[in-house]
Each structure stands twice: as structure tokens, then as C-alpha cells.
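Working notes for the structure below.
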Amino acid sequence: MAKKRYWLVKSEEDVYPIDTLEADETTPWDGVRNYEARNLMRDEMKKGDLVLYYHSNANPPGVVGVARVASSPYPDPLQFDPESRYHDPKSSEEDPRWILVDLAFEEKFHRKVSLQEIKEHPELQDMVLVNRMRLSVQPVREKEFEVIVGMGCR
DNA sequence: GCCAACGTTGGC
DNA sequence: GCCAACGTTGGC
């Protein structure tokens, strides 16, 4: 089996917080409509990879726990649903445009690791989270993952 | 294939 | 709620 990789996903706290993921146990990571994020889910994420779970639009924003990639990639069903805000009329079942994976709850931190702490930590300066806005699925280095989990479990 | 207009993300 | 960043769309 390939070496495990690490990721970070953003979820709006008032839309799908980690407590809801914990209650659901597993959920399709639907509604992602950014090609770079899609490519990561489609091509790079592997079942069993660990994922930092970040609350955006929170006060303060930050990492609140860990999820796990729980499926192979498959088409986002919402793109075919005309009722959904994520409906994509340019996509088709034969040639689906939007691909996702399932995420499963892994653990909730004892405390939130805030964006501000991450920005201030010397070992986390190169994180995509710190350097780029607007990417809701992003890769994380093993060291960065360990540092943040260490902070959240302390 | 350029680029202005537009829409969304997401911190503050 | 504001607005900067920045990805996407569509006219040309």
C-alpha cells in the first residue's frame, strides 16, 4: 500500500460542523466546485488518508479535528440534481465533471487550533492554508499534520 | 486566447 | 456586512 498522505478540508461551521460529521460517521464531500480541489479528490486522495478538519466562517476559524478518506473517488450526485444549488447542467452521467470521496469522522480535538496560531507557528509557515485563499481541499505535509494534531490534543 | 465582468470564498 | 483575493465565464 502506498504511503499515507495528509490533507485539509474546509467546512463552513454553520453548514457542516465536525459534530455533524461525527453524528453521520461518514459523508460524501459534495458541493466542491473548484477544479484543483476536484483533481486532488479524484487523483490523489486514497482511502485511509487522514484529513485535518477546518471550520471556516467560524470565530475564530481553525482546525477542530481529523477525518479520514473513506471511499474511492466517484461522481458527486448533486451535479445531476436540478433541485440542488450544486446542479451543473453542463455535466452528464456519461461524462461527469465533479468527482468526490467520502470522508469519515476520525477524532475531535480537545481544543480548536486557530488559524492565528497556525500563522504564528514557525513550522507551519509553508502551509497552503497560510499562503493561499479559497482552496477548500488542500495537501498537508506529514510534519504539519503532526504539529497540528499535537497542538489540538494537548 | 485575452481580459473585463462577475461571482464566491472566507477572514476580519 | 465589508471587501480583497482570485477562479470562472463569455464577448470579442
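Quantities reported herein were computed from a predicted structural model and do not represent experimental measurements. So you know, we letter chains A, B, ... as the sequences are listed, proteins then strands, and number each from 1.
Within the structure, a side-chain polar atom (N or O) of A/Lys10 is placed less than 4.0 Å from OP1 or OP2 of B/dG10. Between A/Tyr35 and C/dC6 there is no side-chain N or O to OP1 or OP2 distance below 4.0 Å.
Here B/dT9 presents its P atom at 15 Å from CD of A/Gln138, a figure rounded to the nearest Å. Counting to the nearest Å, the P atom of C/dA5 and the CG atom of A/Asn34 are 18 Å from each other. What separates CD of A/Glu12 from C1' of B/dG11 is a distance of 12 Å, to the nearest Å. When the C1' atom of B/dC12 is taken as reference, atom NZ of A/Lys119 falls 9 Å away, rounded to whole Å. For A/Lys90 and C/dG10, the NZ to P distance is 5 Å, given to the nearest whole Å. Counting to the nearest Å, the C1' atom of B/dC6 and the CZ atom of A/Arg134 are 11 Å from each other. Separating the CG atom of A/Asn57 from the C1' atom of B/dT9 is a distance of 8 Å, rounded to the nearest angstrom. Rounded to an integer number of Å, the gap from CG of A/Leu135 to C1' of B/dG11 is 16 Å.
The two residues A/Lys112 and A/Glu13 come nearest to each other via the heavy atoms NZ-OE2, 4.3 Å.
Scanning for side chain to side chain donor-acceptor pair (under 3.5 Å) contacts around A/Ser114 gives A/Glu117, with sequence neighbours left out.
Side chain to side chain, A/Trp29 and A/Asp102 fail the donor-acceptor criterion of an N or O pair below 3.5 Å. No hydrogens or angles considered: a donor-acceptor pair under 3.5 Å links the side chains of A/Glu12 and A/Asn57.
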